[in-house]
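Treat the numbers as computed from the prediction; the structure is a model and nothing was measured.
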Amino acid sequence: MRSLSGIGLVLGVLFFAAALTPTLVPRTYVIQGILAGAAFASGYLIGVFIRWIWLYLELPAVNEHTRRRLNTVAITASILVALWFLWQATEWQNSIRLLMDMEPLDSGHPLLLSLIAIVTFVVLLCIGRGFKFLAVRSSRYGARYIPRRVANVLGVAIAVVVFWLLATDVFWRFGFNAIDASFREFDALIEPASPQPKDPNKTGSAASLIGWKSIGRAGREFIASGPSAETISLFTGKPAQEPIRVYVGLQDQRPAMERAKLALAELQRVGAFDRSVLVVAVPTGTGWLDPAAMDSLEYLHHGDVATVALQYSYLNSPLSLIVEPDRGAEAANAILTVIYDHWTRLPRENRPRLYLHGLSLGALNSEASLDLFKIVGDPINGAVWSGPPFANSLWRSVTTERNQGSPAWLPQYRDGSTIRFMNQDGYPEGAEFAPWGPIRLLYLQYASDSVTFFSPLGFFRQPTWMHQPRGPDISPELRWYPVVTMLQLLVDMAFATTTPLGFGHLYAPEHYVEAWRAVTEPTGWNEDEIARLKSYLRETMDAALNSAGSVEDAYSNRGG
């Protein structure tokens, strides 16, 4: 304890306390404890760095006796603050759970939470001490032969290189190879719930140009899970067509452009260009497509829909974005280029309306594939992008340049004739839009979705979406703290799919109904029928999720 920095402990305890406040996603006491411990370590590191700077600049320091008394008073005061925050932690978590219709917590388990936080802090402190030990030993050895300050810089550089090599070449390389192989094998598995289609017009059937095994697990789930014409007609009471779903997986190991051409050939084989609506859907990292989005569209248009998708990764979205950031954009660009080039050669009066769709990483890659300058002469009809990640360039630009007075969590952009935003409650209250133009781009996003609203700038600046008024699913107790809030939002991103459906990063079918309805304008529906469709799709999805058990199906990988 004597070796610990006083100012480091003070800042660490205050950071620990701030980490107990709510952000976007409810947290268990285990996750809260790990987060609080990481925040403690961050505060401690900053405190140690401040003291080092002070001493390095040779600024006046108080004597040892005074320093100890000041440390005692400061640490005691900060502990009292932390105890008060621990007392409030349960209520703060319940402030989020209440907005998401979750059962309130009886206790936040403050003792267990604190114990987990201390263990986390000690582990991170040991790693930091190991870094310091290596840097000091290296600099001392170097000082025998080179000037002291040069040796100090060299010692730190050596420690950085060693730790970086350990992280990348040892843990990361072996860990990634194991994960990649695991995901690849998992993608190749065939679940009994996904039998090979017998209908020759189905992708993966004996008549298909695409083999059932080569489609991959996520693709098979997508093909097998869609509603049939009979199911749609039974609900609507009107004639329906069998929806067309075409999917080319990564098990077919050809380059993206060749697989895109294969997808086009399959679309032509099954008559997709005779449908009224054609959707180029970009999946998430694992290749997953959200049934909430696709089923909603197919019901709205009585099955008169064709959807095509190209897999680009086996990994889940965060890993795919970190490890292979260009593959998703390459695949999305390949499939859109091939489909668009063929589509533009068709007679305008006889071709389907062409739309884009993507959720999360799929939205990022789908947006990146859309070159507005390339299509300006013959534009696609629109897009529905849900849960757009904060890295989406067009989304970020539009949000930044939103109309004055509109909130960052639900912007209004210019006259709304090209780009609009929706959340659980639809359009912004009181919004007035000009009629849609030739292309309709719509973002479906929730204010509680940290995948959308995370920002590295939150390290030192309050994000604009925290300003008043706030989103309907954001706790009124949320506050911004430098460094800590960014750590909280990083954790929120990791657990953004643990919320109930319709919050966080889990997009509900009833909200997709409104999004697709706004963009595609299906005919033959009145408000009562739309309300009944929303209830039916929500009940169907809830039933599927509750009955899935340990068997993964198309509904299980919520959020991608």
How far does CG of Leu35 sit from CD of Gln488, to the nearest 0.5 angstrom?
-> 5.5 Å
May I ask you to check whether over 12 heavy atoms, not counting those of Glu103, lie within 6.0 Å of atom CD?
-> no
Show the numbers, then the answer: is there a side-chain contact (heavy atoms from CB on, under 4.5 Å) between His505 and Met493?
-> CA-CA 9 Å; His505 202 52; Met493 277 205 297; over 6 Å; no
To the nearest 0.5 Å, atom CZ of Arg396 lies from atom CD of Glu367 at 9.0 Å
Nearest heavy atoms of Ser42 and Val483, plus distance in Å | CB-CG1, 4.3 Å
Do Leu394 and Val398 have side-chain heavy atoms sitting under 4.5 Å apart?
-> yes
Are the side chain of Ser139 and the backbone of Asn152 linked by a donor-acceptor contact shorter than 3.5 Å?
-> no
Within the side chain of Trp480, is there an N or O that forms a donor-acceptor pair under 3.5 Å with the backbone of Gly458?
-> yes
Would you sort out whether His357 and Ser366 count as a side chain to side chain donor-acceptor pair (under 3.5 Å), showing the intermediate values?
-> CA-CA 7 Å; His357 170 66; Ser366 179; over 6 Å; no
Leu24 vs Leu489 side-chain heavy atoms within contact, under 4.5 Å | yes
Do any N or O atoms from the side chain of Gln93 and from the backbone of Arg27 form a donor-acceptor pair under 3.5 angstrom?
-> yes
Got more than 12 heavy atoms from elsewhere within 6.0 Å of CD, Gln468?
-> yes
Do the side-chain N and O atoms of Gln445 and Trp385 include a donor-acceptor pair separated by under 3.5 angstrom?
-> no
Report the relative orientation of the aromatic rings in Phe453 and Trp465; use parallel for angles under 30°, tilted for 30 to 60°, perpendicular for over 60°.
-> tilted
Indicate yes or no: at least one non-hydrogen side-chain atom of Phe85 is less than 4.5 angstrom from one of Trp92.
-> yes
Ring-ring centroid check Phe15 Phe40, cutoff 6.0 Å = no
Side chain to side chain, Pro509 and Met541, heavy atoms closer than 4.5 Å = yes
CG on Leu537 to NE2 on His511, rounded to 0.5 Å = 12.0 Å
Check against side-chain contact (heavy atoms from CB on, under 4.5 Å), Tyr312 and Asn365 | CA-CA 10 Å; Tyr312 54 87; Asn365 291 320; 3.4 Å; yes
Looking only at heavy atoms, what is the nearest atom pair of Ala332 and Val282, with distance?
-> CB-CG2, 3.8 Å
Consider only side-chain N and O atoms of Asn392 and Tyr443, and report whether a donor and an acceptor are under 3.5 Å apart.
-> no
Between CZ on residue Arg479 and CD on residue Gln462, distance to nearest 0.5 Å | 10.0 Å
Decide yes or no on side-chain contact (heavy atoms from CB on, under 4.5 Å) for Phe460 and Leu457, but give the supporting numbers first.
-> CA-CA 6 Å; Phe460 61 88; Leu457 299 180; 3.8 Å; yes
Heavy-atom nearest pair, Ser5 first then Gly8, reads OG-N, 3.1 Å
With the side chain counted from C-beta on, respond yes when Met102 and Ile96 share a heavy-atom pair under 4.5 Å apart, and no when they do not.
-> no
Heavy-atom donor-acceptor pair, Ser406 side chain to Gln412 backbone, under 3.5 Å | yes
Taking C-beta and beyond as the side chain, do Arg97 and Asn94 meet within less than 4.5 Å on heavy atoms?
-> yes
OG on Ser393 to CG on Leu364, rounded to 0.5 Å = 7.5 Å
Check the pair Tyr413, Arg420 against side chain to side chain donor-acceptor pair (under 3.5 Å), reporting the backbone distance first and the verdict last.
-> CA-CA 7 Å; Tyr413 182 70; Arg420 299 181 186 179; over 6 Å; no
Interatomic distance, Arg129 atom CZ to Leu134 atom CG [nearest 0.5 angstrom] | 15.0 Å
Is the closest side-chain donor-acceptor distance between Arg414 and Thr418 under 3.5 Å?
-> no
Contact summary for Phe433 and Gly416, nearest pair of heavy atoms | CD2-CA, 3.7 Å
Looking just at side-chain N and O atoms, do Ser386 and Tyr512 make a donor-acceptor pair shorter than 3.5 Å?
-> yes
Any donor-acceptor pair under 3.5 Å linking the side chain of Trp87 with the backbone of Ala82?
-> no
Closest approach of Leu289 to Ala309 (non-hydrogen atoms, all atoms of both residues) | CD1-CB, 3.6 Å
When you measure from the side chain of Arg470 to the backbone N and O of Met466, does any donor-acceptor pair fall under 3.5 Å?
-> yes
Consider only side-chain N and O atoms of Asp473 and Gln424, and report whether a donor and an acceptor are under 3.5 Å apart.
-> yes
Mind checking whether Leu124 and Phe121 have side chains closer than 4.5 Å, heavy atoms only?
-> no
Derivation and outcome, side-chain contact (heavy atoms from CB on, under 4.5 Å), residues Tyr427 and Leu410 = CA-CA 8 Å; Tyr427 289 135; Leu410 195 62; over 6 Å; no
Using modelled atom types only, decide if a donor and an acceptor are shared between the side chain of Thr499 and the backbone of Phe503 within a distance under 3.5 Å.
-> yes
Would you please classify the geometry between the Tyr446 ring and the Tyr507 ring as parallel, tilted or perpendicular, with 30° and 60° separating the classes?
-> parallel
Do Tyr141 and Ile158 come within less than 4.5 Å of each other through their side chains, counting heavy atoms only?
-> no
If you look at every heavy atom in Phe16 and Ala36, which pair is closest and at what distance?
-> CD1-CB, 3.5 Å
